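Just below is one structure, and these are the notes that go with it.
None of these values were measured; they are calculated from a predicted model.
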Amino acid sequence: MKIYDTLRGEKVDFKPVHEGRVGIYVCGPTTYDYAHVGHARVAIMFDIFRRFLEYTGYDVVYVSNITDIDDKIINKAKERGEEPIKMAHRYAEEYMKDMKSLRVREPNIVPRATRHIDEIIKLVQTLVEKGYAYQSGGDVYFSVSKFKDYGKLSHRSIEEMIAGARVEVSDKKREPLDFALWKAAKPGEPSWPSPWGSGRPGWHIECSAMSMNYLGSTIDIHGGGADLIFPHHENEIAQSEAATGKVFANYWMHVGLVRFEKEKMSKSLGNVFYVRELLKKYRPEVIRIMFINSHYRKPFDFSLKNLEDSKIILEKIWSAYTDFKKGKKCNYCDLCHEYEEKIISALKDDFNTRKAMMHYLQFISEAREKNLGVCAAEFMEKMDNILDILPKEFGKSMENELIDLIVEIRNKLRKERKYDLSDWIRNSLAKMGIKVEDEAQRTKWIRIR
RNA sequence: GGGCAGGUGGCAGAGCGGUUAUGCGCGGGACUGCAGAUCCCGUCAACUCGGGUUCGAAUCCCGACCUGCCCUCCA
């Protein structure tokens, strides 16, 4: 398997630290607002990546954190007169709900910064003891110039960064690029006791502490949005490797940013689309397909057209799936083996989901051509362990039975040539997201919303 | 100013040295009460520009131009 590693800047062979096992840490959100499409892309892509690793036989430990203490949280809470940690936890719950709606499987561990203050303090202490960090007032800063590899992830030298100006000046810092590991508490802010007085963690330290706590000092894969490369991940490397003397992460995977009308989608630009808003109009599978249909590293241009296109693809897939499911029995499926091989090898090449999807669609049309039945549906179900885009509501429910009944009534009307009424029923169902399709012998319907 | 990622047909988006993906769209046909799904046929002089390497480049090298991101909080 090959993965593009941001640090080395090229596709490289993947070898886990321990044979057969993979430890992944993905930076999750700072929870001071609802999840938007950008969060969704990272979560969905790593969800599918993780399922893929499991599919190929790896034992995966997937950790994705929630940062629940931070300047942004404090500021927003202040604005709204709320208690910061409480607010952060409320948004964290909402985030988890949104991800669940998107069929993102919950990571094995979802650690929160405020529950790992001890580990954070210990890590800061180690850095102070080793001379990489210094106390200044109630703050503790990391001394960037002491870490010779600083800039290796974002491919920049310290000089370049200083030349780039725009560095925050502070009389508390010895050098402008130094960053806070621990911040002294201001009145009214959440704080914890520490050797440097009461305070709270800086932004980057929590991920280092939690990653090492759950996955060890060297993990296999560390991931997140591309906007975290600098400074977040760069700083994580510096503080972690300074503390342990070991490589922090063997592979760095970054998901390209989501853009809207050629601009980055971000809260500061005010052009965000919230997951929950999208889910009112589109099924989660549509959103999953939309992202599967792009390469994870490339910037993604979000648009309504893109969503609509994905919806059409989903309908195509569902339609084929229901046809196969009702088709004839077929035990052996050479085509399935052939396409499984194609799909998996596409994913093994730097997780090329776009290419995998192309094979998946090609499989559908070839399976139709060859008149395959149940075994084709079974193959799609097998692949669904990775993709999770097939309909899951086949079971009996009052709702399904009622729809069956309505469809049956409509067919009786059609036999009586009462087409006005039967067309009206079909249109009405369509408005509810139920697509009715008449075939020679029977009528099928699928819920597309 | 520096770093990174890109610039492919009407659109989205693969391919990364030789066989012109795929999906959507568009035109025509079969099927159908109609629609849809499906199938068949067709369609659009596609590879930002300029050099170079090569028997051969969208694919490799050099140089321009353009776009986005990062260098301040952001997934």
Side-chain angles (χ1 to χ4, degrees), chain A residues 4 6 9 11 26-30 32-33 35-46 64 67 70-73 75 95 151 153-157 159-168 177 203 223-232 234 254-259 262-269 272 289-290 293-295 297-301 303 305-306 308-313 315-320 322-323 346 349 352-362 364-365 368-369 414-415 417-420 422-423 426-427 430 435-440 443-446:
Chain A
Y4 181 93
T6 307
K11 271 193 219 174
V26 172
C27 288
T30 300
Y32 63 102
D33 198 359
H36 63 249
V37 186
H39 296 111
R41 165 127 108 145
V42 172
I44 289 173
M45 291 325 273
F46 277 106
S64 186
T67 297
D70 172 86
D71 289 358
K72 293 183 295 294
I73 292 172
N75 292 338
Y95 174 81
L153 181 70
S154 48
H155 308 284
R156 274 182 281 234
S157 66
E159 297 77 62
E160 277 167 8
M161 287 184 243
I162 292 171
R166 295 210 297 189
V167 197
E168 192 189 331
L177 253 36
W203 175 34
D227 53 350
L228 295 181
I229 295 171
F230 192 91
H232 187 60
E234 193 69 71
H254 293 280
V255 176
L257 298 183
V258 175
R259 303 188 299 202
K262 291 283 170 196
E263 261 187 337
K264 172 188 173 182
M265 181 179 296
S266 80
K267 290 166 201 168
S268 39
L269 288 170
V272 294
I289 284 179
M290 181 174 80
N293 253 332
S294 70
H295 190 100
R297 272 193 289 127
K298 287 197 173 177
F300 182 84
D301 284 303
S303 67
K305 186 177 183 301
N306 224 320
E308 288 297 327
D309 284 356
S310 308
K311 189 176 158 189
I312 288 165
I313 293 169
E315 284 172 22
K316 207 184 169 86
I317 292 169
W318 282 21
S319 175
T322 43
D323 285 347
D349 181 16
N352 195 336
T353 54
R354 182 63 153 104
K355 200 172 176 186
M357 182 50 80
M358 158 198 127
H359 291 310
Y360 187 81
L361 295 173
Q362 235 161 17
I364 287 175
S365 53
R368 290 204 110 113
E369 204 176 301
R414 285 175 64 221
K415 275 198 189 114
R417 306 194 155 267
K418 294 185 175 160
Y419 295 122
D420 282 359
S422 69
D423 286 354
R426 184 172 60 198
N427 287 337
K435 202 164 160 184
V436 177
E437 296 171 358
D438 296 318
E439 285 171 350
T443 298
K444 74 174 178 189
W445 60 267
I446 46 174

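When both distances must be under 3.5 Å, the Watson-Crick or G-U wobble mate of B/A12 is B/U22. Across every strand in view, B/U48 sits in a pair with B/A64 that passes the Watson-Crick or G-U test at under 3.5 angstrom. Across the strands present, B/G17 finds no partner; the criterion is a Watson-Crick or G-U wobble pair with both atom distances under 3.5 angstrom. Across the strands present, B/G36 finds no partner; the criterion is a Watson-Crick or G-U wobble pair with both atom distances under 3.5 angstrom.
With A/Tyr4 as the aromatic partner, A/Arg297 meets the cation-pi criteria of under 6.0 angstrom to the ring centre and within 45 degrees of the ring axis.
Rounded to whole Å, the P atom of B/A5 lies 42 Å from the corresponding atom of B/G27. Atom name P, nucleotides B/A64 and B/G25: the rounded distance is 42 Å, in whole Å. Spacing between B/A30 and B/G36 at atom P, rounded to whole Å, works out to 15 Å. Rounded to whole Å, the C1' atom of B/C24 lies 39 Å from the corresponding atom of B/C71. Here, B/G18 and B/C39 have their P atoms 30 Å apart, quoted to the whole Å. Distance check on atom C1': B/C60 versus B/C69 gives 26 Å, rounded to whole Å. Taking the P atom of each, B/G52 and B/G9 are spaced 25 Å apart, rounded to whole Å. Look at the C1' atom in both B/A21 and B/U8: the space between them is 12 Å, to the nearest Å.
With the nearest nucleotide of RNA chain B identified for both A/Arg259 and A/Lys444, A/Lys444 has the one nearer the 5' end. Residue-to-nucleotide proximity on RNA chain B shows that, of A/Arg41 and A/Asn306, the 5′-proximal contact is made by A/Asn306.
Here the closest non-hydrogen pair linking A/Cys27 and A/Leu228 is CB-CD1, 3.6 Å. Shown here for A/Arg354 and A/Ser294, the closest heavy-atom pair between the two residues is CD-N, 4.1 Å.
Here the straight-line distance linking atom CD of A/Gln362 with atom CD of A/Glu369 works out to 11.0 Å at 0.5 Å rounding. Between A/Glu437 atom CD and A/Arg426 atom CZ the span is 10.0 Å, to the nearest 0.5 Å. Rounding to the nearest 0.5 Å places CG of A/Asn293 at 8.0 Å from CG of A/Asn306. Atom OG of A/Ser303 is separated from atom CG of A/Asp309 by 7.5 Å, given to the nearest 0.5 angstrom.
Taking 4.0 Å as the cut-off between side-chain N and carboxylate O, A/Asp323 and A/Lys444 count as a salt-bridged pair.
Atom CD1 in A/Ile229 sits about 12 Å away from atom C1' in B/C71, given to the nearest Å. Between the C1' atom of B/U22 and the CD1 atom of A/Ile317 lies a distance of 12 Å, rounded to the nearest Å. Whole-Å rounding puts the A/Gln362 CD to B/G15 C1' distance at 13 Å. For the pair A/Asp301 CG and B/A12 P, the computed distance is 8 Å after rounding to whole Å. The interatomic distance linking A/Lys311 (NZ) with B/G36 (C1') rounds to 14 Å, in whole Å. The interatomic distance linking A/His295 (NE2) with B/A12 (P) rounds to 19 Å, in whole Å. Rounded to whole angstrom, the span from the CH2 atom of A/Trp203 across to the P atom of B/U72 amounts to 12 Å. Between the C1' atom of B/C11 and the CG atom of A/Asp309 lies a distance of 8 Å, rounded to the nearest Å.
Distances shown here put a side-chain N or O of A/Lys316 below 4.0 Å from the OP1 or OP2 atom of B/C24. Residue A/His155 has no polar side-chain atom (N or O) positioned under 4.0 Å from OP1 or OP2 of B/G3. Distances shorter than 4.0 Å separate some side-chain N or O of A/Lys298 from OP1 or OP2 on B/A14. Taking side-chain N and O atoms only, A/Lys355 has no distance below 4.0 Å to OP1 or OP2 of B/A21.
Nucleic acid contact for A/Val26: none, since no nucleic acid atom lies under 4.0 Å from a heavy atom of the residue. Nucleic acid contact for A/Arg368: sugar-phosphate only, since backbone atoms but no base atoms lie under 4.0 Å from a heavy atom of the residue. The residue A/Val37 sits apart from the nucleic acid: no heavy atom pair falls under 4.0 Å. In this structure, A/Tyr32 reaches neither bases nor backbone, as no heavy-atom distance under 4.0 Å exists between it and the strands shown. Residue A/Glu315 is out of contact with every strand shown, counting any heavy-atom pair closer than 4.0 Å. At a threshold of 4.0 angstrom between heavy atoms, the contacts of A/Glu437 include nucleobase atoms, whether or not backbone atoms are also involved. At the heavy-atom level, A/Gly28 lies under 4.0 Å from the strands shown only through sugar-phosphate atoms.
Between B/G23, B/G13, B/C34, one nucleotide has an atom nearer to the side chain of A/Arg354 than all others, and that is B/G13. Side-chain atoms of A/Asp323 lie closest to B/A37 of the nucleotides B/A75, B/A5, B/A37. Nearest to the side-chain atoms of A/Leu361 among the listed nucleotides B/U22, B/A75, B/G33 stands B/U22. Distances from the side chain of A/Asp227 to the nucleotides B/G15, B/C11, B/A75 place B/A75 closest. With B/C34, B/G3, B/A75 as the choices, the nucleotide that has an atom nearest any side-chain atom of A/Arg426 turns out to be B/C34. Listed candidates were B/U38, B/A5, B/U22. Nearest to the side chain of A/Met358 is B/U22.
Counting atom types as modelled, A/Asn293 pairs no side-chain N or O with a base atom of B/G23 as donor and acceptor under 3.5 Å. A donor-acceptor contact under 3.5 angstrom links the side-chain atoms of A/Asp438 to the base of B/C34. The base of B/C70 sits with one of its N or O atoms less than 3.5 Å from a complementary donor or acceptor on the side chain of A/Arg156.
Between A/Phe230 and B/G3, no base-stacking contact is recorded for ring centres under 5.5 Å apart and planes less than 30° from parallel.
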Worked check of side-chain contact (heavy atoms from CB on, under 4.5 Å) between A/Glu234 and A/Ile229: CA-CA 6 Å; A/Glu234 193 69 71; A/Ile229 295 171; 5.6 Å; no

